[in-house]
Amino acid sequence: MSRAYSSVPTPDRRPRPARLALTATCLAACVALLAGCGDDGGGDGDGGDQASPTASATKASKAPSSPSQPGDSPSASGRLTDDQAERRALLPLARVDHAKAAETAVGEVPGGRLVELELKGAGGDRGGRDSDDDAPGDAGAADARAAGPNGTASPSGTASPRARRAEWVAKVAAKDGTAHRVRVDAGSGKVLGAAAEADQDGDDKRELAAQLSKARRTPEQAAKAATDAKRGTVTSLELGDDDAGALVWSVDVVTPRDWNKTTFAVDAVTGKVVGEHVDRD
């Protein structure tokens with residue numbers, strides 16, 4: 001038996017313009033969504049896509065650099081010069097001030113008058129040899145040089161010895177001009193040694209006696225004039241002629257706020273401050 005088939009019209013399969021536009025729009029949206037997920041992935045989730053090296057480098061280059069913190073710069077001790085670090089380490093060791101040290105030193109020489117006085121460090125370790133072994137007249141060799149307040153290497157990178165004690169080294173002249181070196185412990189105030197200078201001749205003695213006879217102002221008056229001009233600690237006094245030939249007291253004053261040393265020239269006759277120099281090294 002033959003079957004009759006009705007004729008069914010074949011649908012037109014050619015894509016229409018509206019469908020093509022819709023398909024293209026969907027594909028574009030999917031691509032954009034995938035691209036966004038790829039950029040954000042790898043930051044939070046474990047399974048997210050990792051950012052490409054190029055993208056990471058771009059982000060890193062755009063990230064602002066953090067401002068330097070106080071710890072990034074040198075420490076306070078690292079900014080000190082060698083001399084400033086020495087002063088900072090030395091001054092706390094001196095319990096006896098310049099006035100008391102001068103009085104003690106002058107008392108060791110009958111009829112003596114002070115010519116020089118300087119605070120120095122002693123007892124530092126220099127390659128295993130204690131500076132206490134230095135000769136009494138060579139106290140300058142025992143100076144503490146450039147040790148930071150924590151005993152670390154100096155800013156220049158060279159380790160320096162640190163003084164374990166301080167002493168006042170004085171030059172005291174007798175009436176005839178004979179000079180004596182007197183060392184006074186700056187911690188206890190005790191006399192460590194006293195001896196006449198061996199290298200003086202007659203002319204040296206007469207010149208020194210003449211200087212002292214011309215000086216109308218005492219070293220203590222000169223020290224007061226200097227500290228009135230700048231508040232600080234007196235670490236040195238010296239009688240001598242300045243560049244113009246005038247007799248002056250040179251007074252060193254250290255200011256603890258910056259550990260600088262200011263040298264004042266005080267006229268030994270009038271007591272006026274006639275010069276000032278700040279040592280910031």
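What you see is a predicted model; the values in this text were computed from it and never measured.
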Compare all side-chain heavy atoms of Thr233 with those of Leu91 and state whether any distance is below 4.5 angstrom.
yes

Report the C-alpha distance between Trp168 and His98 in whole Å, list the side-chain angles of each, state the deciding distance to 0.1 Å, and finish with yes or no for side chain to side chain contact (heavy atoms under 4.5 Å, CB included).
CA-CA 8 Å; Trp168 290 99; His98 72 281; 3.7 Å; yes

Step by step, would you call Val184 with Leu192 a side chain to side chain contact (heavy atoms under 4.5 Å, CB included)?
CA-CA 5 Å; Val184 178; Leu192 299 175; over 6 Å; no

Short question: side chain of Ser188, backbone of Lys190 - any donor-acceptor pair under 3.5 Å?
yes

Regarding Arg87 and Asp279, does a basic nitrogen lie under 4.0 Å from an acidic carboxylate oxygen?
yes

What's the shortest heavy-atom distance between Leu208 and Ala179, and which atoms?
CD2-CB, 4.1 Å

Would Val248 end up clustered with Val234 when hydrophobic side chains under 4.5 Å apart are linked, directly or stepwise?
no

Rounded at 0.5 Å granularity, tell me how far NE2 in His180 sits from CD in Gln200.
8.5 Å

Heavy-atom closest pair, residues Ala186 and Leu119:
CB-CD1, 3.9 Å

Hey, are Glu167 and Arg165 close enough for a salt bridge, meaning a charged N less than 4.0 Å from a carboxylate O?
yes

Under a 3.5 Å threshold, yes or no: a donor from one side chain and an acceptor from the other, between Asp83 and Thr81?
no

Would Gln221 and Val266 count as a side chain to side chain contact (heavy atoms under 4.5 Å, CB included) if you check the C-alpha gap in whole Å, the side-chain angles of each, and the deciding distance to 0.1 Å?
CA-CA 9 Å; Gln221 288 173 323; Val266 180; over 6 Å; no

CZ of Arg88 to CG of Asp258, rounded to nearest 0.5 Å, is 12.0 Å

Answer whether the closest heavy-atom distance between the side chains of Glu276 and Thr262 falls below 4.5 Å.
yes

Answer yes or no: is there a side-chain heavy-atom contact under 4.5 Å between Phe264 and Lys230?
yes

Mind running side chain to side chain contact (heavy atoms under 4.5 Å, CB included) on Val182 and Val191 for me, showing each step along the way?
CA-CA 7 Å; Val182 183; Val191 175; 4.2 Å; yes

For Ala102 and Leu114, the nearest pair of non-hydrogen atoms, with its separation, is CB-CD2, 3.8 Å

Using 4.0 Å as the upper bound for N to carboxylate O, is an ion pair formed by Arg181 and Glu116?
yes

Expected output: side-chain Thr227 to main-chain Ala223 donor-acceptor under 3.5 Å
yes

Check this for me: Lys224, atom NZ, are more than 12 non-hydrogen atoms of other residues, nucleotides or ligands nearer than 6.0 Å?
no

dist Trp259:CH2 -> Arg79:CZ (nearest 0.5 Å) comes out at 15.0 Å

Does Asp97 pair with Lys100 as a salt bridge, N-O distance under 4.0 Å?
no

Are Val269 and Arg217 side-chain neighbours, meaning at least one heavy-atom pair lies under 4.5 Å?
no

With a 3.5 Å distance limit and no angle check, can you tell me whether Asp267 reaches the backbone of Gly271 through a side-chain donor-acceptor pair?
no

Does a side-chain heavy-atom distance below 4.5 Å link Leu239 with Leu247?
yes

Side-chain heavy-atom pair Glu197, Lys171 within 4.5 angstrom cut-off
yes

Is there a donor-acceptor contact under 3.5 Å linking the side chains of Thr235 and Asp252?
no

Would you say CG of Asp243 has more than 12 non-hydrogen atoms from neighbouring residues, nucleotides or ligands within 6.0 angstrom?
no

Rounded to the nearest 0.5 angstrom, the CD-NZ distance for Glu86 and Lys120 is 10.5 Å

Looking at Ala166 and Leu90, what are the two nearest heavy atoms and their distance?
CB-CD1, 3.6 Å

Of the non-hydrogen atoms in Leu117 and Ala170, which two are nearest, and what is the gap between them?
CD1-CB, 3.7 Å

Considering all heavy atoms of both residues, which atom of Gln84 and which atom of Arg280 are nearest to each other, and what is their separation?
NE2-O, 3.1 Å

Sub-3.5 Å donor-acceptor pair from the side chain of Glu118 to the main-chain atoms of Glu238, do we have one?
no

